[in-house]
Novice: 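For reference, the structure I am asking about is given below.
These figures come from a predicted structure and were not determined experimentally. Order of listing sets the numbers, starting from 1, for every ligand and every atom in it. All values below were derived from every heavy atom in this structure, side-chain atoms included, with hydrogens, water molecules and symmetry-related copies excluded.
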Amino acid sequence: MFAKLLIANRGEIACRIIRTAKRLGIATVAVYSEADRDALHVDMADEAVPIGPAAAAQSYLDIAKIIAAAKGTGADAIHPGYGFLSENAAFARALEDAGIAFVGPNVTAIEAMGDKIESKKLAAKAKVSTVPGHLGVIKDAKEAIKIADEIGYPVMIKASAGGGGKGMRIAYSRKEVEEGFTTSKSEAKSSFGDDRMFIEKYIEEPRHIEIQVLGDKHGNVIHLGERECSIQRRNQKVVEEAPSPFLDAKTREAMGAEAVALAKAVGYDSAGTVEFIVDKDRNFYFLEMNTRLQVEHPVTELVTGLDLVEEMLKVAAGEKLSLKQKDVKLKGSAVEVRIYAEDPSRNFMPSTGRLVRYRPPRLGTSGGVTTRLDSGVEEGGEISIYYDPMIAKLVTHAPKRLAAIEHMGSALDAFAIDGFRHNIAFLAVLMRNERWKEGRLSTKFIAEEFPEGFKTPQPEGRVRDVLVGVAASIDHLSNERRRAITQQMHGEPVRFAETRIVELGAERVRVTVEGGRDAPMIVTIGGEGTGEPKRRINLASSWWFGEPIWEGTIDSAPVAVQVRPILNGVMLTYQGVEIAARVFTERETELATLMPVKELPDTSKFLLCPMPGLVVSLAVSVGQEVAAGDPLCVVEAMKMENVLKAERDAKVAKILAKPGDSLNVDAVILEFA
Ligand code: ADP
C-alpha cells in the first residue's frame, strides 16, 4: 500500500478521500489555490502545498505544479477525485513518467472512454447497446441541421469531450439546433478546450441509470449494482439513489453484464461508472463511461458496505479484488441529495457568498437509519465563483426506500445554511413530492413537476399548524423571558391561556397558548369565529433563543423547524416552506392594520443579471425592437453560458453592460423603453 497520498482536488471530495487515507494509515498531502487557503481540505491533510491562483487552469488543472507538489512532499500516489484532472490521460501519463501511482484506471482506458464519440464506437463494437445517432464530428450549424433532420427530432447536441452536463443541448427544431449547436460548441471550447460536436437521438422520458464497476490489474471486473440519477436540472444530477426503483432483477443483471463487458473490453482496472439511459420500456442505451470516482458514489457505498476510495487505493497498489461478483450483496436503500449554492427560484442560477451559518443535521446511525454528510466547507468559509457550486452531499440509508426518503426530509429540515442562496428548501419539498416517492421518474422530472420554476410553497394543513404552533410558542417564551428580566412577574411562569394573533406571511391566525418553558406548550388554533375547526397541538422542545433550529416533538412526532430572527418576529423554514412569522396581541393587530404598506420597486423595465457572472456578449443594440424569446445577452457563470432572453416584446432603450464586464446578481444589463 502507498505511504503518502496527494489529493489533486478540493472541496468535499478531497476531504472524503483524506478520511479514508487516514483510516488506512496513509499520510496525506493537500494542494490548494489562493482562493482555498483556508479551505477544509487544507486543514484536514497532514501537509498542504500551494499551487497558484484561484483560476483552476492555473492551479488544480496545472499538471506540472501538481507533479512538483507530489515530488516535493514525497507522495507516492495521487488521487484525482472527480472533475479537474481525473479523466485527463495526459495527467495519468505524466504520473507514469514521474513514477507516481495514479489512483485511477490505466491511460488506455481513460483515452478510450474519455471521448464520447470514440467510446460509443468502442461500446458498439463490444455489443453494448448505444443511442442511435451520428458518430462523427459535425463541423458547423448547417451540417448539424442536416444531420438532425436525418436522425429525427428531438435530438441531443453534445460535445465529444463534454462532462458535467456542459456543452450539451436538446433541440426540438432546426432553430434550436442552430442556437444549441453554437452555444454548446463555444461552451465546450471554453470548458474543455475541445469543441468537437456530435448529435444523437434524444430518448424521450429517459431515466438515467448507471452501473458502478470495479476492476483490478489482474483482469477481474465486477459491478456493484446501479444508481438512478434521473432527477436532474440542466442535465446535471441533483438527487441519486441506489437501488433504482425502476429496475427489475433481469434488467439489472443485463445492464451489469454489459457494463462489465465494456469495462473488460478496455482493460478497466479501477472504480468506474457506465452510464445508461433507460426508456419507459426498460430498453437501455450506453451513454458514456466515467473513468473516475463518481460524485454519487456514497449511495453505492451505503448499500454495499464498501469504501470505494479504499478499493481504488488497493487496486492501484496492485492488489487483487477481494470480492467476487457473488459476494456483492445490496442491502436497503440509499438516497443522496447534492446541496448547491444556487437559487432554485431563479432557474437554479449559481450563487456565491460567505457561509455565515453552517449547521448540519445529526449524523450517524440510529434505529437502522444512517445519515451521512460529505462536505468540504465550514462555517465562515467562502463559496466563490471559481469552482463548482456544490458544497455538500447529504446521504441517508434505511432498510426501505420510503424510510430513507422520509429521513432525508427531516435531515434537510434540520440543515441550516445562511449566507447565499441554496437549494435545501427545494430538496425538502422534493422529498415530500408524491411522484418522487412513488419512483415515477424521468430526467424531465424537475421541469414537469415545477413547470413555473420553484416557488416557496404556501403553508397548508399540518405544515401550517406546525409553523403557527412554533411561532406562538417562541413568542410565548419571549414574553416569559421578558417578564423574568424585568422582574415584573418575578419570573413566574404564565398560567393563563393568552390569546395571540400569529401573522404567518399574509395570513392572520388566532391562537391561545398555555404552558411555558419547562412544561409542554399547548397551542389552540381555530374555533368559534375563526372559520376553521378548533384543534390543539402539543409542543415539547428545549429550544431557546439563539438556536438556529427548533427541534422537538409536536403531538409526539419529531419536528425540526429553522428559526432566524427578523425585525419583530422570526423567519421559519419547514418542509421547504420559508415564511415570516410575527405574533401580536389583538390590540397590536388592530393598530398594525393602520400602518402603510411599502410598495416594491418596479424592475420589469430592466434586464437584470440573474447571477454573479461575466458578460460574454450582447445580442442587441440601443433602439432595437425585440420579441419575447429573443436572446439579449450571454452571461457566463461557473463555466456555464446562460442566454438571457426577452420576456416580452420591447424596445431596448439603454445598454449598461459590455462584454468582459463582471457583474453582480441583479446588476442592470439593459433598460427597455
Ligand atoms: P455529461 O458527460 O455532461 O454528464 P452525459 O452524456 O452523461 O453528459 O449526459 C448527461 C445527462 O443528459 C443524462 O443523464 C441524460 O439525462 C441526458 N442525456 C444525455 N444524452 C441523452 C439522450 N440521447 N437522450 C436523452 N437524454 C440524454
Novice: Do you know which two heavy atoms are closest between Ala35 and Tyr387, and how far apart they sit?
Specialist: CB-OH, 4.0 Å

Novice: If we only count N/O pairs under 3.5 Å, is Tyr202 in contact with ligand 1?
Specialist: no

Novice: Give me the residue, atom name and distance of the protein heavy atom closest to atom 8 (O) of ligand 1.
Specialist: Lys116 NZ, 3.2 Å

Novice: Any side-chain donor paired with an acceptor under 3.5 Å for Tyr60 and Asp36?
Specialist: yes

Novice: With a 4.0 Å cut-off on heavy atoms, is Lys158 in contact with ligand 1?
Specialist: yes

Novice: Taking non-hydrogen atoms only, is Asn290 closer than 4.0 angstrom to ligand 1 via side chain, backbone, both or neither?
Specialist: neither

Novice: Should you measure from each heavy atom of Thr443, which atoms of ligand 1 turn up under 4.0 Å away?
Specialist: 16 (O)

Novice: Considering only heavy atoms of Glu288, which atoms of ligand 1 have at least one such atom less than 4.0 Å away?
Specialist: 1 (P), 2 (O), 4 (O), 5 (P), 7 (O), 8 (O)

Novice: Any idea which protein heavy atom is nearest atom 21 (C) of ligand 1, and the distance to it?
Specialist: Ile277 CD1, 3.7 Å

Novice: Answer yes or no on whether Arg282 is positioned over the face of Phe246, meaning its NZ or CZ is under 6.0 Å from the six-membered ring centre and within 45° of the axis.
Specialist: yes

Novice: In the protein, what heavy atom is nearest to atom 24 (N) of ligand 1, and what distance, to one decimal place, separates them?
Specialist: Ile203 N, 2.8 Å

Novice: Please determine whether a side-chain nitrogen of the Lys or Arg among Glu336 and Lys237 lies less than 4.0 Å from a carboxylate oxygen of the Asp or Glu.
Specialist: no

Novice: Distance only, no hydrogens: is a donor on one side chain within 3.5 Å (strictly under) of an acceptor on the other, for Asp343 and Ser351?
Specialist: no

Novice: Examine Arg233 relative to Tyr340 and say whether NZ or CZ is less than 6.0 Å from the centre of the six-membered ring and inside a 45° cone about the ring axis.
Specialist: yes

Novice: So, 4.0 Å and heavy atoms of Gln236: is ligand 1 close enough to count as a contact?
Specialist: no

Novice: Among all the protein's non-hydrogen atoms, which is closest to atom 13 (C) of ligand 1, and how far away is it?
Specialist: His208 ND1, 3.5 Å

Novice: Any idea which protein heavy atom is nearest atom 9 (O) of ligand 1, and the distance to it?
Specialist: Met168 CE, 3.6 Å

Novice: Looking at non-hydrogen atoms alone, which of Glu204, Glu275, Met156, Gln232 comes nearest to atom 7 (O) of ligand 1?
Specialist: Glu275

Novice: If you compare all heavy atoms of Leu321 against all heavy atoms of Val315, which two are closest, and at what distance to 0.1 Å?
Specialist: CD2-CG1, 3.8 Å

Novice: Taking both backbone and side-chain atoms of Val131, is any N or O found less than 3.5 Å from an N or O belonging to ligand 1?
Specialist: no

Novice: Quickly, which of Glu200, Glu288, Glu275 forms a salt bridge (Lys or Arg N to Asp or Glu O under 4.0 Å) with Lys120? Name it, please.
Specialist: Glu200

Novice: Quick check on contacts: which atoms of ligand 1 are under 4.0 angstrom from a heavy atom of Glu200?
Specialist: 20 (N), 21 (C), 22 (C), 23 (N)

Novice: If the threshold is 4.0 Å, N to carboxylate O, is there a salt bridge linking Lys437 and Glu434?
Specialist: yes

Novice: Measure from atom 22 (C) of ligand 1 to every heavy atom in Lys120, Lys201, Arg207 and give the option owning the shortest one.
Specialist: Lys201

Novice: Among Lys393, Arg227, Arg338, which one satisfies salt bridge (Lys or Arg N to Asp or Glu O under 4.0 Å) with Glu240?
Specialist: Arg338

Novice: When you measure from atom 3 (O) of ligand 1 to every protein heavy atom, which one gives the shortest distance, and what is it?
Specialist: Gly165 N, 2.6 Å

